[in-house]
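Okay, structure first, notes after.
Convention: sequence-line order gives letters A, B, ...; per-chain numbering from 1. Given the structure is predicted, the values throughout are model-derived calculations rather than measurements.
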Amino acid sequence: MEYNFRRIEKEWQRVWKETGAYKVENNYTKPKAYVLDMFPYPSGAGLHVGHPLGYIASDIYSRFKRLKGFNVLHPMGYDAFGLPAEQYAIENGVHPAVSTEKNIENFRRQLDNIGFCYDWDREVRTSDPSYYKWTQWIFLQLFSSFFNRTNGQATPVTELVKAFEKEGNATHACPGNPSLVFDAAAWKAFSEKEKQDVLMEYRLAYCGEGEVNWCEALGTVLANDEVVNGVSERGGYPVVKKKLRQWYLRITEYADRLLEGLERIDFSDAMKEMQTNWIGRSYGAEIDFAVKSEKATVKNLRVYTTRPDTIFGVDFMVVAPELDWVPGLVSDEQAAAVEAYLDYVQRRSERERMAEKKISGVFTGAYAINPFDGREIPIWISEYVLAGYGTGAIMAVPCGDERDYKFAQHFGIPVTNIIGSHFNGSEANPTKEAVLENSGFLTGMRMRDAIGAAIDKLEAMGIGKRKVNYRMRDAAFSRQRYWGEPFPIQWKNGVAVPLPASELPLELPHVDSYQPGPEGEGPLANIPSWVAKELETNTMPGYAGSSWYFLRYMDPHNNEAFCSRAASDYWEQVDLYIGGTEHAVGHLLYSRMWTKALYDLGYIGHDEPYKKLVNQGMIQGSSRFVFRVNGTNLFVSKGLLDAGGNYDGKTVDKLHVDVNIVDGYELDTEAFRNWKPDFAAAEFLLEDGKYICGSEVEKMSKSKFNTVNPDDLVEKYGADTFRMYEMFLGPVEMSKPWDTKGIEGVHRFLKKFWRLYMDEEKGLQVVDAPATAEELKVLHRAIRKIEEDTERFSFNTAVSGFMICVNELSDLKCRKKPVLSDLLVLITPYAPHIAEELWHLLGNAGSVLDAVYPVFEEKYVRESAKAYPVAINGKTRAEITISLDAGQQEVEQIVLTDPGIAKWLEGKPPKKVIYVKNKMINVVV
RNA sequence: GCGGGCGUGGCGAAACUGGCAGACGCACCAGACUUAGGAUCUGGCGCCGCAAGGCAUGUAGGUUCGACUCCUAUCGCCCGCACCA
C-alpha cells in the first residue's frame, strides 16, 4: 500500500466534518487555550502560499494544546466590510454582499483544503446583521460613555450629567475643549441642545469638526494609520487635509493606559516600539511669552517645549501657518510677505511637504519677550511647525536643535550659545548633559537638572506649566461609504440621538447607486427613506467590526449580548494571537482600546485582549523573467546576455513569466508558448539545451505572476506535505521568498514516514511488541524535542526533529506498535491526515485528534559518557564528561575533555562535585 | 535622521542559559537496484591540502580556560517612524 494522500485527506476531512471533530464547547471545567488568527478580508484574489503561514502555525499550536488536554478555542471568520468590495461594486455593478459571499466561499474552500481545525460553527462575518448588531451596540456604549480622568476609566455619561448638575465641570475638565469651564448654575441654564453639545465634547465616540484626511478618489475620509506617505494605503490615491464634521473615537484619553498595558503583554519589542512611537508621549512644558506687536489682537504666545532648560537660548519663535490667530501677529510692513507665504503653503500638498523638506518661512513683524531677560525674540511663521501638535508654536533654540539651527542659518538669525564648548558653531547639539552658560539663574546647572528648575520657576511666575503631550490623534471613525456598519444614530434638530437597543441592528439598506451623496455624504444620503428618518448617512470604518471580533467567537450565537460574561470569563484573553505586522498601529490599538472600555464598563473581566502576539513573516514572491529581443519574438536565455543585459548589441525586454511554468530557473518552453497567445510563436535561444530565466525577490502579487496557489501544491503533494513544508521554510516570524523546490524533501519524508508503518506489497508492518531501550531512546528524544519546539513556536526545527527521528527508527528497523503509535500522536498537529489514517490502520480506538500526548521520560534519553557543562564555584566554566547510566543519580567518574579547563584545574583538586538535574555539574575548588 | 531587527556553506537554515559550528532539508557528485527513473536505497558534500593538519559564523578589536552567542567600533541588509519641538 502506498501513501495515497489524496484519498486519505479527502476521506478524513469528510469524517471529521461528519463527526464534528472540531466542535468546541464552552466547557467551564476544563483548562482553556484561546488561539486566534487575524481574520482575513475576503478579497477576490483568494489565498496565495503566504496567507496560510500563520494559520498553519496557529493550527499546529491549537492541535498540540488539544492533545495536551486543553479545551482549545480556535475560530475563524471574515472581516467582510470594506472598501475593495465597494470599489468592485462600482466598477462591475455587483452588490458588495454578493461579491463578498462569493469570495468567502472561495476562501473557505481553500482553507478546508489545508485541513485546519477551525470550529466553523463559530464563524463570524462582520457584515452579517446578527454580528454588526453588536458592533452598533458597543458603539452606543462608547457614545454613552466618557473617560473619567479621576479614576482613569470609561464611565457612563449619566454620571457626568449628575456631576455637572452638582458642581459644573470643575472636576471633569473637558477633553474636547480644554478652555470650556462652567458651574452648576451655568449647566442648568444651558438649553438641551447646548447640554448635548457639551456632552459631545466628552463622549468616547463623538461627532465633531476636525481636520481629517480626505481622499477624493475613494470619496471618503481615512484614519491616520490608513494614510501612508501622504497617499491612501489602499490604492495609493492622494490624500488632502480637510475640515469636516466627522465621528471620532476619543482614543487619546486611553493613551496612558495603552502604554501601560504594553508592559503586561507579550508582544515583540518592535511591535511595542511601534505602538509607543505612534502614541508618542512626551513630557514638557507650555510657556506663555508676552507679545510685542503693532496690533493688540494677540497678547500672548503659548509654546510647547520639552526643553524649558534652554529658554535662554531662544533666538526666535515659530508658529504654524494654518493657525487662525496668526494674522493677528502680523505687522503692516510684513503683511504682504506673510500673505504670499501663507498662499505658498496652502498650495503645497501634504505629499510635497513630506517629500521635499524645504526650509521656508516668513517673519511676522512681531516679537515675543523672554520673561527672564527681557530679550525681544522675533516671531516667524514656518511650515516645519505643525498646527496639530502641542500649541502649534515653538520656541526655537538653534544651538540645541538641528531644525532650528538650519532655519536660523537659512534666514541669517544670530545664534546664542548656551552650552559652551558643546556647541561647535556649525551643528546643533541636543545634549542634556552640558552645563549651561549665558543662562541667567540657570547658569552653571546641568541641563538635565535645569529642566525641572526652569519649569518650577515658570509655574511660580504663573506663565508656564508642566504638560504631557501625545502624538496620537483621536481616530476618525466615519466613512462616506456604503459597505460598512450604519451608525445607530438619528439626528434630531442637530442633536445625535442613539437608537434604542431594541431597534438594533439598524440594517444596511439596499442601494442602487454607490455614488457619494451631496456635500461629501455617503451613498446612504441618496436614499429618501433613510434621510426621512434623519439617520446618520456615514458608515463605520473597516476597523469597527475587527475591534471586538475575538469576543464574539466566545459566544457567537448569543442574541441577548455581544458575549455572555460567563463565556468571556472562561475564555478570557487570547492566549496566542498570530498575524502580520501591518496592523501594529491600527487594529491592534483600536481593539485594545475597545477591550479597555468594555472592561471599564463591566462587560468583560480583562482589559488587554491578547496575552501573546506572534507576527508571522511575509512570504515574498520569487519572480522569474524571460528576455525578449526588442521588437522580435526571440527569447534569449539569461546566460547569453552580455554584461549590460543586452543581446548581440540589441536591447532586450525583461518580462515577468508565470513562476508555475518554470522549474527552478529552467523555463518550460512548451508551456510558455501555450501561456499567452502573444507567445504562441515564440522562438528560443537556449544555453546547454535549456532556457534559463532571470529572477528577483518581490512582493507576491498576481500582476508579477509570482503567486503560488496552495490549491495546486495540495493537489500535487497533499495538505500534510504543504503544512509541514510551510513550517520547514524557516522561523514563522521571518520573512522569506517562496521556493517551491524544497517541498520535495518534505514530501519524501512523509513517504518515508508512511513506509515505517506500511510496505507497498505486504501492507501493515507494525508488530505489537515491547520496544527496545534503543528504540525508546529515539522516541523520547523526539518527544522532548517536538514538545519543546512546538511550545516555543520553533516549528521549523520541530519538523527537522521528525525527520531525524524517522531516519533513526528506519535505521533501527523499528516496527514496534508502542513506539509508532506515540509517534503518530506526536506528528498529529503537523500532519493530521496521515496520522489519523495510520492510527486506524494500527487498530487504535477513537481519533488520533483526541489521543493523549505521549509523556517524555528522561531515563530513556540519558546517555552514559555524555558531555555536560561544568561550573566552577557556581559560574559556568567548562565541559566535562561524566559516566552516568539510566536512572542513576550519582556521578561515577569525571573526565575533563577540554584541555583548556584541564590545564586551568591542574593542581586544584575539586573539593566537592554536585550533580544538578542532568544539566550542570558544579565543581567547588 | 531616529527606533527595532538581522549578517553562518551554492541555497533555506540549526546551534535554546557562552561549551564538538553548519543539525535537518534543497541543489550537486558518486554508487546500488532497475528496461527505465522525475521511484527507492547507500555514500560524499564549508574552504585550503594527497595527507597530517590548518583556516572559517560581514569586518576590526575586547572580555573569557572557551565566543555564532556577551561588550565596543565599523560596514552591509531588512522593517517601522519621519519636521512631534
Side-chain angles (χ1 to χ4, degrees), chain A residues 2 228-229 268-278 280-282 284 303-308 310 317-318 320 353-354 357-359 382-386 388-397 400-404 406-407 430 469-473 581-582 584-585 615 617-618 620 663-664 724-725 728-731 733-749 751-752 755 760 785 788-789 792 794 796-807 810 867-870 872 875-880 896-906 919-920:
Chain A
E2 63 172 346
V228 180
N229 292 330
S268 69
D269 288 345
M271 192 60 55
K272 288 186 181 180
E273 194 67 27
M274 273 189 244
Q275 294 210 350
T276 305
N277 288 343
W278 184 262
R281 181 167 62 188
S282 69
V303 303
Y304 176 74
T305 181
T306 55
R307 297 298 300 275
T310 61
M317 300 284 180
V318 188
R353 249 172 106 153
M354 283 174 158
K357 282 176 200 162
K358 277 204 275 190
I359 299 172
S382 173
E383 60 179 339
Y384 86 89
V385 170
L386 306 176
Y389 185 76
T391 61
I394 63 155
M395 52 179 234
V397 183
D401 184 283
E402 198 51 46
R403 295 155 301 181
D404 297 348
K406 285 193 176 136
F407 191 89
N469 257 333
Y470 302 91
R471 229 154 91 179
M472 182 169 65
R473 301 275 86 101
T581 51
E582 66 273 19
V585 293
N615 296 114
M618 220 196 336
Q620 295 132 313
D663 178 22
M724 288 192 98
Y725 181 59
F728 187 67
L729 274 177
E733 294 93 335
M734 197 179 282
S735 289
K736 55 236 154 187
W738 178 261
D739 170 27
T740 298
K741 276 232 136 173
I743 198 170
E744 300 276 357
V746 174
H747 191 57
R748 271 199 276 269
F749 157 74
K751 282 195 278 194
K752 188 166 185 176
R755 283 197 308 274
E760 244 175 72
K785 176 155 180 61
E788 281 177 4
D789 287 352
R792 67 187 174 103
S794 181
N796 56 329
T797 53
V799 174
S800 300
F802 283 117
M803 291 175 172
I804 295 165
C805 178
V806 167
N807 283 340
S810 292
Y868 293 108
V870 65
I872 309 291
K875 195 188 163 213
T876 306
R877 300 303 289 240
E879 188 171 283
I880 62 171
L896 292 168
T897 51
D898 186 303
I901 187 64
K903 199 175 168 199
W904 189 77
L905 261 180
E906 231 170 81
K919 283 249 164 169
M920 171 78 73

According to a strict under-4.0 Å criterion, is Tyr389(A) in side-chain N/O contact with OP1 or OP2 of A85(B)?
yes
From Trp738(A) atom CH2 to Ile743(A) atom CD1, the distance as rounded to the nearest 0.5 Å:
5.5 Å
Does a side-chain N or O from Arg755(A) land closer than 4.0 Å to OP1 or OP2 of A39(B), or not?
no
Of all the choices, A85(B), G4(B), G80(B), which nucleotide is nearest to the side chain of Ala270(A) once you look at every atom?
G4(B)
Taking syn as a glycosidic torsion within 90° of 0 and anything else as anti, which one is G9(B)?
syn
With a 4.0 Å cut-off on heavy atoms, is Pro731(A) in touch with a base, just the backbone sugar-phosphate, or nothing at all?
sugar-phosphate
Using atom NZ of Lys736(A) as one end and atom P of G7(B) as the other, report the distance to the nearest whole Å.
14 Å
Let me check I have this right: for RNA chain B, each base becomes ., (, ), [, ] or |, based on Watson-Crick or G-U pairs with both distances under 3.5 Å. What is the full string?
(((((((..(((......[....))).(((((.......))))).(((....)))..(((((..]....))))))))))))....
Expressed in angstrom and rounded to an integer, what is the separation of Asp401(A) atom CG from A85(B) atom C1'?
6 Å
Given C2(B), is OP1 or OP2 found less than 4.0 Å from the side-chain N or O atoms of Asn277(A)?
no
Salt bridge (Lys or Arg N to Asp or Glu O under 4.0 Å) partners for Arg792(A), two or more places apart:
Asp789(A)
Hey, which sits more toward the 5' end of RNA chain B by its nearest nucleotide, Gly801(A) or Tyr470(A)?
Gly801(A)
Rounded distance in Å - NZ (Lys752(A)) to C1' (A39(B)):
14 Å
Would the number of heavy atoms belonging to other residues, nucleotides or ligands and lying under 6.0 Å from NZ of Lys272(A) be above 12?
yes
Between P on U40(B) and CZ on Arg748(A), what's the gap in Å once rounded to a whole number?
6 Å
Which of these nucleotides, C83(B), G80(B), A15(B), is closest to any side-chain atom of Met274(A)?
G80(B)
Under 4.0 Å between any heavy atoms, over every strand shown, what does Met734(A) touch: base, sugar-phosphate, or nothing? Just pick one.
sugar-phosphate
Gap between atoms CD and P, on Glu744(A) and C24(B) respectively (whole Å)
20 Å
Ignoring backbone atoms, test whether Arg471(A) places a side-chain nitrogen or oxygen under 4.0 Å from the OP1 or OP2 oxygen of C81(B).
no
Closest heavy-atom contact between Val303(A) and Met317(A)?
CG1-SD, 4.1 Å
Atom-pair distance (CD on Gln275(A); P on G4(B)), nearest Å
16 Å
Where the side chain of Asp269(A) is concerned, which of G12(B), G4(B), A13(B) is the nearest nucleotide?
G4(B)
What's Asn807(A) touching, base or sugar-phosphate or nothing? Going by heavy atoms closer than 4.0 Å.
sugar-phosphate
What residues, two or more places apart in sequence or in another chain, satisfy salt bridge (Lys or Arg N to Asp or Glu O under 4.0 Å) together with Arg307(A)?
Asp309(A)
Nearest whole angstrom, please: distance from the P of G38(B) to the NZ of Lys751(A).
13 Å
Residue Phe728(A), side-chain atoms from C-beta onward, closest of G3(B), A14(B), G12(B):
G12(B)
Phosphate contact (A23(B) OP1 or OP2) by Asn796(A) side-chain N/O below 4.0 Å:
no
Value rounded to 0.5 Å, distance of CZ in Arg471(A) from CG in Asn277(A):
6.0 Å
Write down the distance between OH (Tyr725(A)) and C1' (G12(B)), rounded to a whole number of angstrom.
7 Å
When the nearest nucleotide of RNA chain B is assigned to Val385(A) and to Lys785(A) on a heavy-atom basis, which residue is associated with the more 5' position?
Lys785(A)
Counting side-chain heavy atoms from CB outward, which of C16(B), G25(B), A85(B) is closest to Glu788(A)?
C16(B)
Taking OP1 and OP2 of A85(B), is either one under 4.0 Å from a side-chain nitrogen or oxygen of Ser282(A)?
yes
Among C24(B), C83(B), C26(B), which nucleotide sits nearest the side chain of Met803(A)?
C24(B)
Look at all strands and tell whether Leu386(A) reaches a base, only sugar-phosphate, or nothing, counting heavy atoms closer than 4.0 Å.
base
For the P atoms, the ones on A52(B) and on U64(B), what distance do you get once it is rounded to whole angstrom?
35 Å
